[in-house]
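Encoded as structure tokens, the structure appears first; notes follow it.
Order of listing sets the numbers, starting from 1, for every ligand and every atom in it.
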Amino acid sequence: MIIGNQHDVTSAVLAEAARTSDPRAREILEVGIRHLHGFVRDARLTENEFRHLCNVIARLGQATSASHNEVTLAAGSLGLSSLVCLLNSDSGATGTTASLMGPFWRHGSPRTESGGSIVRSPTAGDPVFVKAWVHDPQGRPVAGAEVDVWHASPEGYYENQDSQQADMNLRGRFTTDADGHFAFRTVKPAGYPVPVDGPVGALLRMQGRHNMRPAHLHFMIHKPGYKVQFSQVYSSDDPNLETDAQFGVTRRLIAHYERHDGAAPAPDVSGPWYSLERRFVIEPGVAQLPQPPITGRNSGARPLLTVLTRRP
Ligand SMILES: [Fe+2]
């Protein structure tokens, strides 16, 4: 097609997209082209602004490595990860227990006996004893589900970012028992700043946003016959629940850590300790594991943590 004006461009591109033989790929392509072209028209994008956007997208890829995924971080920072999660989860009357995957899930978490600890190198923080259950939508226990658990250290680093933590520190893989139950010991997580030395930092600074995630634990529940569920559990005492830099906090995912000052479930605990109980509901479906966003650890020194202040 010879292009006569700007409207012809959209028609020409859609006509070529219609040649795509896979129906689902064709649908995604056509809707994407309509929205992209519509975005350019609605925003009245200038040539300089278009070049700038292309540069930002290129830098998202350039800033991604085996131990860091800037693309996933950017998707979370624009609410896309949360939108896709909630669009594809049956929220029911009480809301889904699903949440975004985040940029720090790794394959190969160490298998850990239920009740075992995921603290694999000295890690400061108050001990937490977590009891969790996995149910189906009818409330029946799901036995034999594999559950990955991971979280950042109270200093604000995932082990893959931090040469001072053992490989796979604060990560573990559990299997639910006949009651759908698993348990583990860890340290109480703290909120942490997401990295802002790449394009995501520029995006947050431009909007006057902070870069904090409220304290949370990550879960990934996998069992054949059920949709893989990524979940996060947020601490009810965190000051950044309303302004999570990744838009992941739903009411269903906020949890209360019960503080105890008496005898703990382990003899080495002398000070205060916490308990946490959670129930996850997984849906029937295809148990398709995604590609992990990262595959390895940082080789250099731990990065400096930068905290952005939210503009009033
Ligand atoms: Fe996280």
Side-chain angles (χ1 to χ4, degrees), residues 64-65 67-82 84-86 97-107 109 118-120 123 125 128 130 132 147-162 165 168-173 184 186-198 200-201 204 209-221 228-250 252-255 257 276 278 280 290-298 302-303 305-308:
T64 295
S65 67
S67 62
H68 176 75
N69 196 314
E70 189 80 2
V71 179
T72 306
L73 193 62
S77 303
L78 290 168
L80 287 177
S81 311
S82 200
V84 171
C85 169
L86 296 178
T97 55
S99 188
L100 57 139
M101 172 174 68
F104 292 111
W105 174 56
R106 282 181 73 186
H107 260 320
S109 285
I118 60 171
V119 182
R120 305 182 193 283
T123 310
V128 178
V130 179
V147 184
D148 277 13
V149 177
W150 68 104
H151 68 96
S153 73
E155 288 183 294
Y157 296 98
Y158 285 85
E159 53 79 34
N160 57 284
Q161 301 173 294
D162 184 6
Q165 294 182 54
M168 295 291 178
N169 189 41
L170 307 181
R171 296 180 189 266
R173 171 168 284 200
F184 62 96
T186 187
V187 292
K188 192 168 185 287
Y192 63 84
V194 300
V196 287
D197 49 356
V200 169
L204 298 181
R209 286 165 57 184
H210 70 61
N211 58 330
M212 295 299 293
R213 295 227 64 212
H216 58 274
L217 302 171
H218 287 271
F219 297 85
M220 189 280 291
I221 304 165
V228 170
Q229 180 169 112
F230 284 87
S231 186
Q232 299 188 39
V233 173
Y234 298 95
S235 306
S236 59
D237 57 358
D238 194 285
N240 295 314
L241 289 173
E242 301 265 359
T243 52
D244 176 14
Q246 295 276 293
F247 301 99
V249 182
T250 64
R252 181 76 185 262
L253 299 177
I254 299 173
Y257 288 75
L276 178 72
R278 291 305 283 171
F280 301 95
Q291 284 277 103
I294 54 168
T295 53
R297 280 165 64 85
N298 237 0
R302 50 160 58 171
L305 292 181
T306 304
V307 176
L308 303 182

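- The Fe ion (ligand 1) has no N, O or S atom of Gln246 inside 2.8 Å of it.
- The Fe ion (ligand 1) lies at 2.8 Å or more from every N, O or S atom belonging to His151.
- The only option from Arg297, Gln165, Arg171 that meets the side chain to side chain donor-acceptor pair (under 3.5 Å) definition with Asn160 turns out to be Arg171.
- Residue Pro103 forms a side-chain contact (heavy atoms from CB on, under 4.5 Å) with just one option from Leu73, Val200, Ile294, and that option is Leu73.
- An angle of 90° is found at the Fe ion (ligand 1) between His216 atom NE2 and His218 atom NE2, rounded to 10°.
- Not a single N, O or S atom of Gln232, from either the backbone or the side chain, sits less than 2.8 Å from the Fe ion (ligand 1).
- Judged by distance alone, the side chain of Asn211 and the main-chain N or O of Val307 form no donor-acceptor pair under 3.5 Å.
- Geometry at the Fe ion (ligand 1): OH/Tyr192 and OH/Tyr158 form an angle of 100°, nearest 10 degrees.
- Not one N or O on the side chain of Tyr157 forms a donor-acceptor pair closer than 3.5 Å with the backbone of Tyr192.
- With Asn240 contributing its side chain and Asp244 its backbone, the two residues share no donor-acceptor pair below 3.5 Å.
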